[in-house]
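In the text below, chain A, chain B and the rest are named by the order of the sequence lines, each starting its count at 1.
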Number of protein chains: 8
Amino acid sequence: MIFDKYDRIVFAGDSVTEMRSQNPVGEGLFDALGFGYVRMVENLLMSIYPEYNIRVTNSGVGGNTSRDLLNRWERDVLNLNPDWVSIMVGINDVWRQFDTPAMPDRAVTPAQYEQNVESMIQSLKGRVKGIFLMTPYYMEPNPADTMRARMDEYGAICKRLAEKHGCVFIDTQAMFDRYFAHQHSTFIAWDRVHPNQIGAMLIAREFLKHCGFDYNHEA
Amino acid sequence: MIFDKYDRIVFAGDSVTEMRSQNPVGEGLFDALGFGYVRMVENLLMSIYPEYNIRVTNSGVGGNTSRDLLNRWERDVLNLNPDWVSIMVGINDVWRQFDTPAMPDRAVTPAQYEQNVESMIQSLKGRVKGIFLMTPYYMEPNPADTMRARMDEYGAICKRLAEKHGCVFIDTQAMFDRYFAHQHSTFIAWDRVHPNQIGAMLIAREFLKHCGFDYNHEA
Amino acid sequence: MIFDKYDRIVFAGDSVTEMRSQNPVGEGLFDALGFGYVRMVENLLMSIYPEYNIRVTNSGVGGNTSRDLLNRWERDVLNLNPDWVSIMVGINDVWRQFDTPAMPDRAVTPAQYEQNVESMIQSLKGRVKGIFLMTPYYMEPNPADTMRARMDEYGAICKRLAEKHGCVFIDTQAMFDRYFAHQHSTFIAWDRVHPNQIGAMLIAREFLKHCGFDYNHEA
Amino acid sequence: MIFDKYDRIVFAGDSVTEMRSQNPVGEGLFDALGFGYVRMVENLLMSIYPEYNIRVTNSGVGGNTSRDLLNRWERDVLNLNPDWVSIMVGINDVWRQFDTPAMPDRAVTPAQYEQNVESMIQSLKGRVKGIFLMTPYYMEPNPADTMRARMDEYGAICKRLAEKHGCVFIDTQAMFDRYFAHQHSTFIAWDRVHPNQIGAMLIAREFLKHCGFDYNHEA
Amino acid sequence: MIFDKYDRIVFAGDSVTEMRSQNPVGEGLFDALGFGYVRMVENLLMSIYPEYNIRVTNSGVGGNTSRDLLNRWERDVLNLNPDWVSIMVGINDVWRQFDTPAMPDRAVTPAQYEQNVESMIQSLKGRVKGIFLMTPYYMEPNPADTMRARMDEYGAICKRLAEKHGCVFIDTQAMFDRYFAHQHSTFIAWDRVHPNQIGAMLIAREFLKHCGFDYNHEA
Amino acid sequence: MIFDKYDRIVFAGDSVTEMRSQNPVGEGLFDALGFGYVRMVENLLMSIYPEYNIRVTNSGVGGNTSRDLLNRWERDVLNLNPDWVSIMVGINDVWRQFDTPAMPDRAVTPAQYEQNVESMIQSLKGRVKGIFLMTPYYMEPNPADTMRARMDEYGAICKRLAEKHGCVFIDTQAMFDRYFAHQHSTFIAWDRVHPNQIGAMLIAREFLKHCGFDYNHEA
Amino acid sequence: MIFDKYDRIVFAGDSVTEMRSQNPVGEGLFDALGFGYVRMVENLLMSIYPEYNIRVTNSGVGGNTSRDLLNRWERDVLNLNPDWVSIMVGINDVWRQFDTPAMPDRAVTPAQYEQNVESMIQSLKGRVKGIFLMTPYYMEPNPADTMRARMDEYGAICKRLAEKHGCVFIDTQAMFDRYFAHQHSTFIAWDRVHPNQIGAMLIAREFLKHCGFDYNHEA
Amino acid sequence: MIFDKYDRIVFAGDSVTEMRSQNPVGEGLFDALGFGYVRMVENLLMSIYPEYNIRVTNSGVGGNTSRDLLNRWERDVLNLNPDWVSIMVGINDVWRQFDTPAMPDRAVTPAQYEQNVESMIQSLKGRVKGIFLMTPYYMEPNPADTMRARMDEYGAICKRLAEKHGCVFIDTQAMFDRYFAHQHSTFIAWDRVHPNQIGAMLIAREFLKHCGFDYNHEA
């Protein structure tokens, strides 16, 4: 596994990351980690690698665009001294362009998005062991859908930034696309954004594929 | 206008019809009519045709398939002695095939659907002045989407039954399709099923187009 | 229609404007616009003119007199950079003279009222495309009723100010008076102030009559 | 005072009588008597005539028409073995004709009203020491108002029945009319039906005027 | 009546005065005046003397000793510019000596009490038309009871101060004592301190006896 | 100690026994035993005599008179097959005579009380190892108080019945009287009926004095 | 994998199985499956084997002993026509012997337990494809602990019954024992019974080990 | 008894001390003292030694480690001017090492613990009549359990500090160990930390053993 014992991973993001976790930062006892993919990553690591004591912290806040996340970046990510940081943001940057089109100041353009995420990455340079960059997604399999097409632009930015800065790139959109060969998107999310527990497990598993995680490991 | 003074219209349906109305049947004071298209139909009729005293009754129940609606048909529709009945059902018949595919007993097949709706129509023969048959819809503009394609089968059944039995046919799906030329579906419903107030207005207006309703009428 | 694409309209007022909207300013997703005439204006504009993307903002606060509204004018109206502003205030200025007559400091005299509303208008000069001035009203058809008579004084001030400053004048009181030829006031408001959804539709329709709005428009 | 020691008075009526009392019948400890005129009658009797131990029972139920009250008459009035019964009903009989005119089955016509109240009176013949018949009212001073005019028809029925059957007749409408020479109706009831505590005191005092009650009595 | 039109009376006190009124100061619409003797005073004045428009303000706060009341005196009494002030305080000064004897700092001695109340009186000199001084009480008829005996010391201080400063002296304790000749104290207060509505009426009537109030007045 | 291992004691009574225990019968985990003297008896027995496993059951129901308790006696006491039964009832039998004197049917006379309690005792004859009869009490030290004097009549009945039937007699009234030599009754109960935790401990200790309980026992 | 497409698995048990699932039987949309190991089994199956459409039903009810489960067996398990049944029960059978030792009727002896579980198994013979028998456990690693030792007796019964009847035997106790080599039991359950999400994952993974489940499967 | 009349005892600690008391400091009326051992100490002192008027103050705050307690020491203990102080802290210092091992900054090492507690003791020197030092405990009878063994280290520190500074040493761990000879730990605490009312009584009795308290004292 790529993690060392006692490593701390901070997951930064929006409501998909938050999922009822303690705000703005949650970890530890009870339900502070929320009920989404972050918790499932923690559950799998802690149950299968109990000898590692990985510290998992949820820094997701519902409704956050990349601009919102950048505004709280120092307080809610940097100051936690993480060993690893995972970023999944951008869904709200795009969504607001389609659900409240009359209020363009609520959305974030691709250019602004790229700048925001790159700022986050640069702030971490030399301070962490690794950065995970997860694409934003829209659980809409039709690439011609205007919102899906727009989301793909943001995903492409993630890919470009990951390559440029040596981040671990996690393509959640591609993973969901594969899944929709078997089930309709409404099976894991009525609104094509907020996954139910099955969808959360899909994201967690996709994340762990990039961590040298072995489900069959015995401590 | 096709309605006579003191006519009673009963709207039967599922959660799209219900929208927080009193269950199983709501009408009259306070919010008993709920907050969906039924209320907007009533608001427009009552504000613009105050001399008509049309009685609007909401008989929508969230989660109802055509099977569920048929089971409560006598109590919640026939016994109310309506002059007009509007039926919009079928979304849950289809949805359950996609969001809980492992539980086929929760869904309703096209054949069963046709039988259920036809039973409703026949029970009204000779007892009402007219029947409105509104198609179920999925606010998914892509006709290749499997759930949308399935929903279209149910809409086609409605059309066939309306023609066969002389019902007023209201194609909500076609209306939404026209709307999506201008806005993305997420603008009026995140889950592509439950409309916000704008979507409710769209349905209400589509309904009233078939009623000889004149917005510019002065009482 | 008199509005341009992406125009922003701010509706300032009291509880009739607020109607459970987000306080002090509401717009956008979910029920932030409340459940009164503002929302119905937005519903009609958005459903029938989807290509316009008009931005509708609710700046109504329950209990506000013209004095209260003026106190929050800069924060809740001017700072929003509206293209259009609609003002409907004065009901509480009058009501407090009758329901708590022993506390004259809670009410607002006609002279103060005129000054307050004129200050609002002047602050908007050269900054907006147009101002709507809606009369306060009392859903009491008897002109000899002392509170109705008093309210008419305030409505007359609105009319005078609208003419003086070139505002769009909307006479809600006259509209209600016409309506009461057909229904008793208790049909739309038990307390003769807070309209139910039918009454809200009446106000919304009266407002839109002054906007070049065409209900039969097809986008 | 016309009451004997340990007499029991049962007040039957609608929401004006109920005012948050225990349903359907309330008396005794805590707030079982509610917060309306019944309680004030009790407060005045108990504080000024403590040596009498008058038993006051509230049998008001919100929304009741005379038809509803008659339906529960045996259970909620006769079975209590009252010494005195006070009846104030009819407001909802009339109100429903104006606030929900499309649902005539919810209202009660004058003929039905007379029959209902007379049935109540006859059931008490020979079983009680006296019957109080209080008029329904509408706190609308304008006699030309259609709902007020209608209410006066019901009040006239009460008067006729009181004379015919020797009941104590209490004209609450006339009492309110006198009061409105000094204050606007909105001072004691926004909806012209449900009195605030001041209005409740007015009714209580009017009731006690017919009971030989002396406020200056010292026990 | 001793009051002039539009006079303002402020009632200062503890929980007996407060009785669920708005904190720290309540008046006007809805239940801001609470449910105790203050409201009943207002109800009687407003219903019987509607032409006076007396302004009644409740400045009672539960748990207040004379020390607590003095601390908020300027904000909650003086700044309201009352024409008349009524003071009823002292119950908690005494009660804490008996229910939490181990915490003497929570109680107030007779000497401190006298100083506190005199400070209040002096602050009003020349600023009000009159001051009402109501004794604290304990609804315990046995004068040998230690807490009752202690309370009597505080009542005697009130009497002395009233005479010294020309206040209207209202002996609530004596009034209750007379009442207990007819009913046991548990009839109006289980804890011998917080009156039910009957007890509140007793206090209100005692207060009004000193105001030239005539229950049989017709406006 | 007079109890054998695994003996079951059922405490029957009113609100003093209940004290928020599970209704109508509570025992076992969490707070099913409530927060009154029953729980303290259990706490002392279980903490000091852990080797005994005494089963303590709370069968107190708030507001119960001896008549109410007798009505549920079979279901809530006999059917539990107790080894010991403790009865403390009568406070409400007396209280209702003083706090709602106009409703004599809510109270219970001495003669009825004696009959009720004797019925309970007789039903237990030969079925239990012992019966505890605890007097009702009023925490009023003045024997001349009418309610206290009345309560003493009921206590005397308990004493007589205990002697006649060989019950363990527990004089809670006498115990409280001794306590009031040191503290005022308001120290343990504002209403002189419902003890706080200190008062509950007093009752528990008094009960245990009759059980051979040794606080200094070491298991 | 041992399951066929569209197989239905019913998980019967106590609070460990229930974990806030819908009572008494939960499945399908939203959180009806609860938040325990059952949901995690479903999440893993549905996310990794989407082509199987396995139906997972939660029939756990908090507090159930084997006796309680047997009482509802027909309604909550047999009538669901499962293809597979998993049984995990017995913790409460044992726990009640230690946390409420004075109430032996709340617990279940080993002999009764064996009979109860065997009855469940026999009822399923010839009706299901397979039965999973999971041991009850106590997350207490010390085998000398009296409650742990007692729990082991029940686990041994499970093992014996599994062998006798050809059930799939799942030794959750042994699995936890291995885990406690790395973490203290308080890490996954403060009360050594109710697992947190990490503990739930451990149970789910142990269950799936016996199902031919491959975490690395790609649909 | 070692206490003088009117002495004040402040109990400082964590959730075991707090037990729903008012935060951060509770005493006096109602449930401000909470429902744990502090209240039981108070109940026993107040019911058996009413002539002493001992003042008992609860300064327990849930979740506190010795570090947290030290941080609020001045405000919540010293400033109260206690005559006696009881300290029971350390459970969370240890627990966090086992339930959240990945977050070492949440726990407190033995060295830090000793320093923290010694600081508290020294701050009290010359200011109080006596200090009680109660060991932290883990209701785990197995001394080989890692968390129990760790807790014993902290208990040993308490013992050493008590001897060094002349504090009254109270060994709650030893007391519980004796108790577990008779009952399993789950009988008084499912999580082996938070005692139920029986466990609270055990702590209270152990505390009072060191105070010259005589249960059989008669005031």
Side-chain angles (χ1 to χ4, degrees), chain C residues 14-16 62-63 65 90-104 106-108 136-154 176-202, chain D residues 14-16 62-63 65 90-104 106-108 136-154 176-202:
Chain C
D14 52 32
S15 62
V16 176
T65 59
I91 293 178
N92 292 307
D93 302 54
V94 174
W95 209 356
R96 292 300 89 75
Q97 299 171 36
F98 294 87
D99 65 10
T100 48
M103 302 166 201
R106 296 201 172 184
V108 177
Y137 59 81
Y138 190 44
M139 294 188 210
E140 163 63 69
N142 178 17
D145 177 272
T146 52
M147 181 166 152
R148 166 63 197 268
R150 189 66 162 167
M151 196 69 76
D152 284 344
E153 294 181 48
Y154 290 67
F176 280 125
D177 284 349
R178 290 193 303 275
Y179 192 76
F180 295 143
H182 301 282
Q183 294 284 1
H184 190 273
S185 68
T186 203
F187 181 63
I188 49 175
W190 279 8
D191 64 4
R192 308 197 177 189
V193 168
H194 296 98
N196 61 13
Q197 298 281 299
I198 298 166
M201 181 61 83
L202 281 167
Chain D
D14 51 31
S15 61
V16 175
T65 59
I91 292 178
N92 292 307
D93 302 54
V94 174
W95 208 355
R96 292 299 90 74
Q97 299 171 37
F98 294 88
D99 66 9
T100 48
M103 301 167 203
R106 295 201 173 184
V108 177
Y137 60 78
Y138 191 44
M139 295 187 208
E140 163 63 67
N142 177 17
D145 177 273
T146 52
M147 184 166 151
R148 166 64 197 267
R150 189 66 163 167
M151 197 70 76
D152 283 345
E153 293 181 48
Y154 290 66
F176 281 126
D177 285 347
R178 290 193 303 274
Y179 192 75
F180 295 143
H182 302 282
Q183 293 284 0
H184 190 271
S185 68
T186 203
F187 180 64
I188 51 174
W190 280 7
D191 64 4
R192 310 199 175 188
V193 168
H194 296 98
N196 60 15
Q197 298 282 298
I198 299 166
M201 180 61 83
L202 281 167

Notebook entry, point to check: Residues in side chain to side chain donor-acceptor pair (under 3.5 Å) with D:Asp145, at least two apart?
Noted result: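 Here the qualifying residues are C:His184.
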Item checked: Residue pair C:Asp99 / D:Thr186: nearest heavy atoms and the distance that separates them ->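 The pair with the smallest heavy-atom distance is CB-O, 3.6 Å.
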Note to self: Quick check on side-chain contact (heavy atoms from CB on, under 4.5 Å): which of C:Asp14, C:Val108, C:Val193 does C:Asn92 satisfy it with?
What the structure shows: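 Answer to the side-chain contact (heavy atoms from CB on, under 4.5 Å) test with C:Asn92 among C:Asp14, C:Val108, C:Val193: C:Asp14.
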Check: Rounded to the nearest 0.5 Å, what separation is found between the CE atom of D:Met139 and the OH atom of D:Tyr179?
Finding: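 D:Met139 CE to D:Tyr179 OH: 10.5 Å, rounded to 0.5 Å.
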Side chain, backbone, both or neither: which part of [X] has an atom under 4.5 Å from a heavy atom of chain C?
{"X": "D:Tyr138", "value": "side chain"}
{"X": "D:Arg150", "value": "neither"}
{"X": "D:Glu140", "value": "side chain"}

